[in-house]
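Below is one structure, written out as structure tokens, with a few remarks after it.
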Amino acid sequence: MRIKTLLVILGLAGFVFLTSLYLYAVIKKPQAGKAFPARLPLEKPTDRKLSAAMERLYDAWNPHEDRGNEFFSNFKYSRLEGFSRRPNVSRRDPTKVIRINGTYYVWYTCRRTAAPPSGPKKATDVIPSRDWDLADIWYATSKDGFHWKEKGPAVTRPPKGKFGWRSNCTPDILIWKGKYYLYYQAYSAIIEGGDSCPVTMAQAESPDGPWYALGRPVLESGAPEDWDCACVHDPFPLVYKGKIYLYYKGSPGKKRGGDNIIRAQGLAIAEHPAGPFIKSPLNPVLNSGHETCLWPYKSGIAAIVSLDGPEKNTVQYAHDGMNFSMKSLLQVPPIAPGPFVPDAFTDSGDGRGITWGLCHINPDGGGSMNESILARFDCDLSRDVDRSIFKRNNLRFDEHTYFQRVLVLPEYMRKRILKERDLVDKDTKK
Ligand code: AAL
């Protein structure tokens, strides 16, 4: 009898043990179909609680994230053929590329000086203060966008004392009613830290010139307390809603930083290339970015926003050309991009997007004290191609990248870190 009872008790104990093991497994391992599925629901699921991040995947992005994002692209770079590299010859800040009768045209800042940039104090009539000082606007043509022929100066500085005698640089191109217009920064004094200058314009009947300079500003800095009170840079004209939409970078120059804005991008609109350009009361229309880069996209305007500000390294879109929102996060966007925008001036209301352009690179990673070179970037921000290589993220960089001048830890900071180490680093709590 006792053995039978014992066996029953053991059997019961075994049953309880196995049941709880099973229940634990069931409770611990989510029911198939309960966890967020690998196969991404195309619509935001409503049958489950989502984390903030997964809410955002559907609200801000899309289920297939970058690979499914028309506004996302990585960028691939190419060296250009046709531009000789010589000391103190600098090429930078290219315009949009245009193609006329099968030939690509680009204009850019070209400095050819006897000496390298040496800062405002050492600058003379032949020694530049900055990389874009003592510059003119040159141009080049190409049949394929990789091999270029430098054609020479397009717009050159007037004699000393005249408006814009010191430097003409950072151009961009507009075609309006069959004529060609170059907008550019015009300096009438040695370029100082504030980098203050107005924007002016030159026009021509043909992309090969001759170019006739207007000889006065078309866009000027704002009032002393304004966000763009010192600098109106990087003029970037597009034709939109029957008018000229001139985007530009603005900043308070020497006053930037601290409690002041550093730089942002604005918009000025005109009905004629010589102006008047009326600044948008909404300015700044982009709270970030450095050199401007925009193109018509669908019925709106898209922009690459790089380098500066909280929304740096993003592609943004405004259905009305003014109210931009972030559409993708970028890695290593081109610097001073001049995209090839076939429909920049057609005002089609059905912008097709971009696949390539030119940009500049500062060989020493700097910005203003060394000569620059032009390069080509390719991407897929277009509705007419589908190049998946450009929709990949997870870009990883080589050793050189992390230890180059602008990324390596400077010695003085290393010394400071070591000096403050015991103050900052506490023992890990056991
Ligand atoms: C560029 C542009 C403008 C600035 C200087 C030359 O990157 O933003 O053109 O003035 O730097």
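Just so it is clear, the structure is predicted and the values come from calculations on it, not from any experiment. Counting convention: from 1, in listed order, for ligands and their atoms alike. Basis for what follows: all heavy atoms, side chains included, without hydrogens, waters or symmetry-related copies.
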Are any of the N/O atoms in His360 less than 3.5 Å from those in ligand 1? no

Between Trp138 and Arg91, is there a cation-pi geometry (under 6.0 Å to ring centre, at most 45° from the normal)? no

Pair Trp295 + Tyr247: ring centers closer than 6.0 Å: no

The answer for which part of Tyr248 has a heavy atom under 4.0 Å from ligand 1 is neither

Side chain or backbone of Asp93 under 4.0 Å from ligand 1, or both, or neither, by non-hydrogen atoms? side chain

Which ligand 1 atoms, with their elements, are less than 4.0 angstrom from a heavy-atom of Glu291? 1 (C), 7 (O), 8 (O)

Can Lys96 be said to sit on top of Phe236's aromatic six-ring, NZ or CZ under 6.0 Å from centre and within 45° of the ring axis? yes

Under 4.0 Å between heavy atoms, the region of Lys249 that gets near ligand 1 turns out to be side chain

Give the atom numbers and elements of ligand 1 that come within less than 4.0 Å of a heavy atom of Arg92. 1 (C), 7 (O), 11 (O)

Numbered in order shown, the ligand 1 atoms found under 4.0 Å of a heavy atom of Asp195 are 4 (C), 5 (C), 10 (O)

Checking side-chain polar atoms at under 3.5 Å, does Ser142 have a donor or acceptor matched by the opposite partner on Lys149? no

Can Tyr184 be said to touch ligand 1, with heavy atoms closer than 4.0 Å? no

Which of the numbered atoms in ligand 1 are below 4.0 angstrom from a heavy atom of His233? 4 (C), 10 (O)

